[in-house]
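Each chain gets a letter, A, B and so on, in the order the sequences are listed, and its residues count up from 1.
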Amino acid sequence: MIKVLVDGVGGRIVEVEAYHHTDPAAHSYRGETARNAVMFGPPGYVYVYRSYGIHWCMNFVCEAAGSASAVLIRAIEPTDGLPRMRRRRGVSEPRLLCSGPGRLCEALRVTAAHNGLALDSPPFQLLARLKPVEIVVGIRIGITKAVDKPWRYGEKGSRFLSKPFPAS
DNA sequence: TATGAGATCAACT
DNA sequence: GTTGATCTCATAC
């Protein structure tokens with residue numbers, strides 16, 4: 001999987017979910033608003049929003065401008081800046097640092113200040129994967145609409161997923 | 001281990 | 001006024 005760093009801290013993306021404007025579960029489903037405007041812009045940008053009042057969630061905008069599609073980064077495998085992540089998260093167990101959207105954003109210190117920033121300029125860095133990996137697909141997590149759509153993608157066998165995928 | 005509540009706020013109805 | 005792409009901690013089995 002691709003590796004993402006924010007200010008030098010981050011790791012390999014091991015779990016994402018896809019959202020699209022035709023998807024009832026997506027923020028962009030009901031059209032553009034002040035919050036989701038970034039999703040309607042060009043790809044390669046970061047969309048950050050607050051969830052349940054206390055957590056931040058990070059998305060990468062995809063496809064052409066106007067399609068309002070994005071991938072929610074649900075989990076990464078920490079590889080860079082482990083000490084800083086531990087300090088920010090207050091936990092030492094590596095697999096608890098980034099195994100979930102809210103955890104990941106706290107570990108990378110992603111906030112509304114990052115909303116609308118480009119993925120190819122500081123503090124963001126994207127690094128291509130070194131080798132192909134096996135991907136498993138499943139249904140999405142933590143949503144109440146379009147629950148049956150298999151738009152969750154993860155690295156097979158990774159120990160850093162927010163939840164395990166059904167055996168495949 | 002499993003289930004449940006609380007935290008806390010911006011956007012939407 | 002209600003809801004939510006969540007997490008953590010507490011209490012119950």
Side-chain angles (χ1 to χ4, degrees), chain A residues 1-2 4 6 9-41 43-63 66-78 81-82 84-117 119 124 135-155 158-167:
Chain A
M1 290 286 242
I2 292 173
V4 60
V6 181
V9 175
R12 297 166 58 242
I13 299 172
V14 294
E15 183 184 349
V16 300
E17 283 176 8
Y19 290 89
H20 190 266
H21 75 284
T22 60
D23 168 16
H27 287 173
S28 54
Y29 179 59
R30 290 167 189 279
E32 182 171 351
T33 67
R35 173 172 61 159
N36 63 27
V38 176
M39 287 178 81
F40 288 81
Y45 285 79
V46 179
Y47 165 48
V48 181
Y49 71 95
R50 204 195 265 293
S51 177
Y52 292 89
I54 49 183
H55 297 291
W56 295 105
C57 295
M58 175 168 64
N59 301 251
F60 294 168
V61 179
C62 297
E63 294 189 14
S67 75
S69 58
V71 291
L72 168 71
I73 311 303
R74 286 194 55 85
I76 68 178
E77 175 183 337
L82 269 290
R84 273 196 280 175
M85 290 194 221
R86 286 204 186 92
R87 196 164 61 241
R88 291 168 183 172
R89 293 272 298 113
V91 299
S92 56
E93 188 64 36
R95 58 194 304 175
L96 296 180
L97 290 176
C98 301
S99 57
R103 291 167 172 171
L104 179 160
C105 287
E106 186 177 16
L108 303 199
R109 196 169 283 171
V110 170
T111 69
H114 299 82
N115 191 37
L117 295 185
L119 271 171
F124 287 99
I135 303 298
V136 287
V137 179
I139 60 174
R140 292 177 294 180
I141 292 179
I143 57 175
T144 57
K145 302 163 198 158
V147 177
D148 56 331
K149 287 196 187 310
W151 288 353
R152 178 178 178 233
Y153 301 88
E155 179 171 325
S158 172
R159 303 189 315 281
F160 297 93
L161 301 173
S162 60
K163 285 187 183 170
F165 281 79

Can you sort out the partners of A:Y153 under ring-ring contact (aromatic ring centres under 6.0 Å, His included), two or more places apart, ordered by chain and number? none
Any chance you could lay out the side-chain contact (heavy atoms from CB on, under 4.5 Å) test for A:Y49 and A:C57, step after step, and finish with the verdict? CA-CA 6 Å; A:Y49 71 95; A:C57 295; 3.3 Å; yes
Residue pair A:V91, A:R103: steps toward the side-chain contact (heavy atoms from CB on, under 4.5 Å) verdict: CA-CA 11 Å; A:V91 299; A:R103 291 167 172 171; over 6 Å; no
What residues form a salt bridge (Lys or Arg N to Asp or Glu O under 4.0 Å) with A:R89, not counting sequence neighbours? A:E106
Hey, would you say the A:F40 and A:H21 ring centroids sit under 6.0 Å apart? no
Using a 4.0 Å cut-off on protein heavy atoms (strictly under), produce a 5'-to-3' string for nucleotides 4-9 of chain C with B for base contact, S for backbone-only sugar-phosphate contact, and - for none. BBBSS-
Quick one: salt bridge (Lys or Arg N to Asp or Glu O under 4.0 Å) pairs with a partner in residues 11-38 of chain A, sequence neighbours left out? A:R12-A:E77, A:R12-A:E155, A:E15-A:R74, A:E15-A:R152, A:E17-A:R74, A:D23-A:R140
How far apart are the closest heavy atoms of A:V38 and A:N115, and which atoms are they? CG2-OD1, 3.7 Å
On a heavy-atom basis, the closest approach of A:G10 and A:M85 is O-CE, 3.3 Å
Enclosure of A:I2 CD1 (heavy-atom neighbours >12, cutoff 6.0 Å): no
Take A:R109 and A:V6 through the test side-chain contact (heavy atoms from CB on, under 4.5 Å) and record every step on the way to the result. CA-CA 8 Å; A:R109 196 169 283 171; A:V6 181; over 6 Å; no
Runs of at least three consecutive Watson-Crick or G-U pairs, both distances under 3.5 Å, are what I'm after; which ones involve DNA chain C? B:1-7 with C:6-12, B:9-12 with C:1-4
What pairs of nitrogen or oxygen atoms, one from the protein and one from nucleotides 1-5 of chain B, lie under 3.5 Å apart?
none

